[in-house]
Protein chains: 2
Amino acid sequence: MGDKWSLLIIRDLMFSKSCTYGDFLKSPEGIATNILASRLQVLEECKIIEKLDHPDSKAKVLYRLTRKGVDLVPILLEINLWADKYLSIPDERKAMVKEMKRDKLGFIKAMAKNWKLEALVVAPSPKAI
Amino acid sequence: MGDKWSLLIIRDLMFSKSCTYGDFLKSPEGIATNILASRLQVLEECKIIEKLDHPDSKAKVLYRLTRKGVDLVPILLEINLWADKYLSIPDERKAMVKEMKRDKLGFIKAMAKNWKLEALVVAPSPKAI
DNA sequence: CCGGATCCGTTTCGATACTG
DNA sequence: CAGTATCGAAACGGATCCGG
């Protein structure tokens with residue numbers, strides 16, 4: 001499951017707000033629908049992501065990183081740092097990389113914490129508030 | 001160049017003593033000769049590895065990580081830590097992972113240092129001494 | 001509409017045999 | 001030893017169709 005597309009899905013889950021099938025499709029790299037579906041399935045079987053019912057509509061599905069998935073953050077972080085040094089990085093991600101550099105451990109902890117918060121926030125629909 | 005085989009080549013260069021075409025072929029994963037050749041070429045084009053003449057024989061070729069390649073160490077390290085937590089790791093690598101955990105920064109620095117030493121050691125043939 | 005599944009032409013991969 | 005050549009198998013990707 002360490003292929004290009006899986007990595008991009010994980011990246012989107014971590015660093016963008018992407019969490020639905022449609023979100024991943026919109027990613028600039030342009031994944032095909034069949035590839036996306038198969039990768040999501042593999043990642044779910046590996047227990048790196050999990051499916052949740054979307055609070056708003058039955059037709060939507062939420063994807064979320066599991067603990068095993070969140071533990072991939074340090075790897076993605078190092079990849080970002082390397083890419084920042086040797087490749088060109090999209091502007092929108094520069095601030096994040098800067099923060100990674102400034103406080104690596106803090107960044108990782110913040111990510112893990114965000115995940116717990118989001119678990120609570122997602123459950124009740126915004127409309128229900 | 002972030003595919004399975006390229007990663008394994010880099011891993012071998014970093015953590016095993018592998019540095020020739022033949023060494024990589026002997027890796028337990030069993031890469032095919034044509035794939036190996038193509039990946040070595042790509043990695044060289046990306047300036048992650050470089051070719052050197054083998055000091056002993058014209059027929060041999062040494063591959064070595066460049067600075068850009070050595071800078072991948074933190075990524076491989078984090079992958080090892082994750083794999084150690086969630087997958088089963090070969091016994092021979094357990095000691096190394098333990099050392100990585102104990103002193104992450106020290107490990108990375110040691111790797112970088114080793115590289116400079118090896119650069120000096122490799123140049124003159126052992127026979128010439 | 002959203003989340004997929006299916007079909008199909010094209011590209012890439014990879015095992016083996018072979019060459020310098 | 002360090003690679004090419006060949007060729008079947010697998011993966012990709014685009015378009016389209018299906019179910020809730």
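In what follows, chains are A, B, ... by sequence order, proteins preceding strands, each numbered from 1. Not measured: the values here are computed from a predicted model.
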Asks: Using the side-chain contact (heavy atoms from CB on, under 4.5 Å) rule, take L81(A) and D71(B) through it: C-alpha gap first, then chi angles, then the decisive distance, then the call.
Replies: CA-CA 10 Å; L81(A) 293 183; D71(B) 279 345; over 6 Å; no
Asks: Heavy atoms only: give me the nearest L25(A)-I31(A) pair and the separation to one decimal.
Replies: CD2-O, 3.4 Å
Asks: Which parts of nucleotides 9-20 of chain D does protein reach within less than 4.0 Å, heavy atoms only, written one letter per nucleotide 5' to 3' as B for base, S for sugar-phosphate only and - for none?
Replies: ---SBBB-----
Asks: Choose from dA2(D), dG3(D), dG4(C) the nucleotide whose nearest atom is closest to any side-chain atom of T20(B).
Replies: dA2(D)
Asks: With a 4.0 Å limit, can you tell me whether Y63(B) has a side-chain N or O closer than that to the phosphate oxygens OP1/OP2 of dG3(D)?
Replies: yes
Asks: Give me, pair by pair, the N or O atoms of the protein and of nucleotides 18-20 of chain C that are less than 3.5 Å apart, along with how far apart they are.
Replies:
none

Asks: Decide, yes or no, whether a salt bridge links D91(A) with K94(A) under the criterion of side-chain N to carboxylate O below 4.0 Å.
Replies: yes
Asks: Pairs counted as Watson-Crick or G-U wobble with both distances under 3.5 Å: what dot-bracket string results for DNA chain C, using | for bases tied to another strand?
Replies: ||||||||||||||||||||
Asks: Quickly work out the L62(A) CG to dG4(C) P distance and round it to whole Å.
Replies: 11 Å
Asks: Can you tell me how far P of dG3(C) sits from CG of L25(A), to the nearest Å?
Replies: 8 Å
Asks: Expressed in angstrom and rounded to an integer, what is the separation of L40(B) atom CG from dG14(C) atom P?
Replies: 14 Å
Asks: I'd like to know if the side chain of D23(B) and the backbone of T20(B) have a donor-acceptor N/O pair within less than 3.5 Å.
Replies: yes
Asks: How many angstroms lie between atom CZ of R39(A) and atom CD of Q41(A), to the nearest 0.5 angstrom?
Replies: 11.0 Å
Asks: Verify, without hydrogens or angle tests, whether T66(B) (side chain) and I48(B) (backbone) share a donor-acceptor contact under 3.5 angstrom.
Replies: yes
Asks: Report the distance from atom CZ of F24(B) to atom CG of L13(B), rounding to the nearest 0.5 Å.
Replies: 4.0 Å
Asks: Give, for atom NZ of K60(A) and atom OH of Y21(A), the distance between the pair rounded to the nearest 0.5 Å.
Replies: 14.5 Å
Asks: Output the rounded distance in Å from CD (E29(B)) to C1' (dA15(C)).
Replies: 17 Å
Asks: Count I, L, V, M, F, W, Y as connected when their side-chain heavy atoms are under 4.5 Å apart, and connections chain through other members. Are W115(B) and L105(B) then in the same cluster?
Replies: no
Asks: Return the value, rounded to whole Å, for the distance between atom NE2 of H54(A) and atom C1' of dC2(C).
Replies: 11 Å
Asks: Please report the distance, rounded to the nearest Å, between CD in Q41(B) and P in dA2(D).
Replies: 16 Å
Asks: Is it the case that the side chain of W82(A) and the backbone of K68(B) share a donor-acceptor pair, with hydrogens and angles ignored and the cut-off at 3.5 Å?
Replies: yes
Asks: How close or far is atom P of dG3(C) from atom CG of D56(A), stated in whole angstroms?
Replies: 12 Å
Asks: Quick check on dC1(D): is either OP1 or OP2 less than 4.0 Å from any side-chain nitrogen or oxygen of K26(B)?
Replies: no
Asks: Quickly work out the E44(A) CD to dG3(C) P distance and round it to whole Å.
Replies: 14 Å
Asks: Would you mind checking if R93(A) and D84(A) are paired as a salt bridge, meaning a charged N to carboxylate O distance below 4.0 Å?
Replies: no
